[in-house]
Asks: 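Can you keep this structure in mind? I'll have questions shortly.
Counting begins at 1 with the first residue of the sequence. Order of appearance sets the numbers: ligands from 1, and atoms from 1 within every ligand.
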Amino acid sequence: MSDQNCIFCRIAAGEIPSATLFEDEKFRVILDVGPAAKGHTLILPKKHYANIMEMPPELVGEAFRLAKKAAEKQAEVLGCDGVNVLQNNGEAAGQTVFHFHIHVIPRFKGDKVSVGWKPGTLSDADKEELIQSLSL
Ligand code: AMP
Ligand code: ZN
């Protein structure tokens, strides 16, 4: 999927209007229309990649560099106490728009924004297995 079928391709290309905070030849940075918190920002590459696994590593690096800038700006201007930088890949992981994007969400102490999970336990058996299978 890309271009006409993908809403983020169309937003990134400027075909659909968006609240744009930054644009260059590779990226558009916009405000999320359904913000988790005031200032919730999305980093969109202009080229279509469904997820982080499909994207060239250098471009992933550039996208996260922009996320860092957005986080710094939020901290400076909004005075937030923290920032979540997060990124969903696949429906099972909560992705709803299948064009790579990074969320940058300002956080305040005591806010009701939820991005958490209930911690499990790392068993010794899992640890041994995963050190073998997932080492990079
Ligand atoms: P995800 O669930 O990680 O795929 O996030 C998709 C995000 O895109 C959600 O936070 C939506 O609120 C946001 N979104 C969907 N459509 C638009 C749009 N037209 N403009 C800006 N943000 C959008
Ligand atoms: Zn797209």
Asks: Nearest 0.5 Å please: distance from the CZ atom of R28 over to the CD1 atom of I30.
Replies: 8.5 Å
Asks: How wide is the angle at the Zn ion (ligand 2) spanned by C6 SG and C9 SG, rounded to 10 degrees?
Replies: 120°
Asks: What's the atom name of the N, O or S in H48 nearest to the Zn ion (ligand 2)?
Replies: ND1
Asks: Identify, by name, the N, O or S atom of H99 lying closest to the Zn ion (ligand 2).
Replies: ND1
Asks: Just verifying a value: how many Å separate L44 CG and H99 NE2, rounded to the nearest 0.5 Å?
Replies: 5.5 Å
Asks: Using 4.0 Å as the upper bound for N to carboxylate O, is an ion pair formed by K26 and E62?
Replies: yes
Asks: Spell out, as yes or no, whether a donor-acceptor pair under 3.5 Å connects the side chain of N89 to the backbone of I52.
Replies: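 Side chain of N89 to backbone of I52, a donor-acceptor pair under 3.5 Å: yes, one is there.
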Asks: List in chain and number order the residues that pass side chain to side chain donor-acceptor pair (under 3.5 Å) with K47, two or more places apart in sequence or in another chain; answer none if no residue qualifies.
Replies: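 Partners of K47 by the side chain to side chain donor-acceptor pair (under 3.5 Å) criterion come out as none, since no residue qualifies.
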Asks: Got more than 12 heavy atoms from elsewhere within 6.0 Å of CD, E54?
Replies: yes
Asks: In order of chain and number, which residues sit within 4.0 Å of ligand 1 by heavy atom?
Replies: I7, F8, I11, I30, L31, D32, V33, G34, L42, N88, G94, Q95, T96, V97, H101, H103
Asks: Within the distance-only criterion (no hydrogens, no angle test), does the side chain of Q87 pair as donor or acceptor with the backbone N or O of I102 below 3.5 angstrom?
Replies: no
